[in-house]
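Below, read A as the first sequence line, B as the second, and so on, with proteins coming before strands; counting in each chain starts at 1. Computed from heavy atoms alone, side chains included, the values below leave out hydrogens, waters and symmetry copies. Not measured: the values here are computed from a predicted model.
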Amino acid sequence: MKSEPDVFGIDHLQKRPNKTEPWDGVRNYQARNMLRDQMKKGDKAFFYHSNCEEPGIVGMMTIVKSGYPDATMYNPESKYFDPKATAENPRWFRVDVKFQKKFKHTISLKELKSYKQLKGMPVLQKGSRLSITPVTEAQWNFILKLAE
DNA sequence: GCCAACGTTGGC
DNA sequence: GCCAACGTTGGC
């Protein structure tokens, strides 16, 4: 799951009450579908810092609440406001994530790209803009070892 | 700051 | 339904 560290980075998450925060503001249908249909309580996710000096994976977190409507879509004051969203037909979803661990060092995009074991991982593909992408169990375990 | 990639919008 | 125009993302 990607976020810009200047906007909301892993340090922000760690400082939140209960180290938990709704992952809201996702306004892309593919990512929405994953939030809504696939991400379940207890699932794990990597925290990825994007659009920054050293893009890469900086830690891990746990999904503590599975997909539910992202209320920011109803708030005209929010930059995530969506006038077409209704209570009957909520367009956008979010999950709650909880900080689990910050890695001692960033596993940079550059490093991640260098491993043939991670070839094909969606987040590493050129032009990948999706803010939420799946990780296989093998990829997950491989990356965790890099973090040691 | 540049620009490639790609999603969305809207005219037709 | 096509596709040009436009906006956004994000690495570099």
Student: From the options dT8(B), dC12(C), dG7(B), select the nucleotide whose nearest atom is closest to the side chain of Arg129(A).
Tutor: dG7(B)
Student: Taking only Lys NZ, Arg NE, NH1 and NH2, and the carboxylate oxygens of Asp or Glu, determine whether Arg32(A) and Asp70(A) approach each other closer than 4.0 Å.
Tutor: no
Student: The side chain of Asn28(A) lies closest to which of these nucleotides: dC12(C), dG7(B), dA5(B)?
Tutor: dG7(B)
Student: In this structure, how many angstroms lie between the C1' atom of dG10(C) and the NZ atom of Lys113(A), rounded?
Tutor: 10 Å
Student: Let me know the distance between CZ of Arg27(A) and C1' of dT9(B), rounded to the nearest Å.
Tutor: 18 Å
Student: From OH of Tyr29(A) over to P of dT8(C), roughly how many Å is that when rounded to an integer?
Tutor: 15 Å
Student: If you compare every side-chain N and O of Lys2(A) against the phosphate oxygens of dT9(C) (OP1, OP2), does one of them come in below 4.0 Å?
Tutor: no
Student: Could you state the atom-to-atom distance from OH of Tyr80(A) to C1' of dG7(C) in whole Å?
Tutor: 16 Å
Student: How are the rings of Trp23(A) and Phe47(A) set relative to one another: parallel (under 30°), tilted (30 to 60°) or perpendicular (over 60°)?
Tutor: perpendicular
Student: Starting from C1' on dG7(C), measure out to NZ on Lys79(A) and report it in whole angstrom.
Tutor: 15 Å
Student: Starting at the 5' end of DNA chain B and moving along, which residue's nearest nucleotide shows up first, Lys126(A) or Asn51(A)?
Tutor: Asn51(A)
Student: Would you verify whether the NZ or CZ of Lys44(A) falls within 45 degrees of the ring axis of Phe46(A) while also being under 6.0 Å from that six-membered ring's centre?
Tutor: no
Student: Please tell me if Tyr48(A) has a side-chain N or O lying less than 4.0 Å from either OP1 or OP2 of dT9(C).
Tutor: no
Student: dT8(B) C1' sits how many Å from Arg32(A) CZ, rounded?
Tutor: 14 Å
Student: Within a 6.0 Å radius of atom NZ on Lys41(A), are there more than 12 heavy atoms belonging to other residues, nucleotides or ligands?
Tutor: no
Student: Measure from NE2 on His49(A) to P on dC12(C) and round the result to the nearest Å.
Tutor: 17 Å
Student: Provide, to the nearest angstrom, the distance between the CG atom belonging to Leu130(A) and the P atom belonging to dG7(B).
Tutor: 8 Å
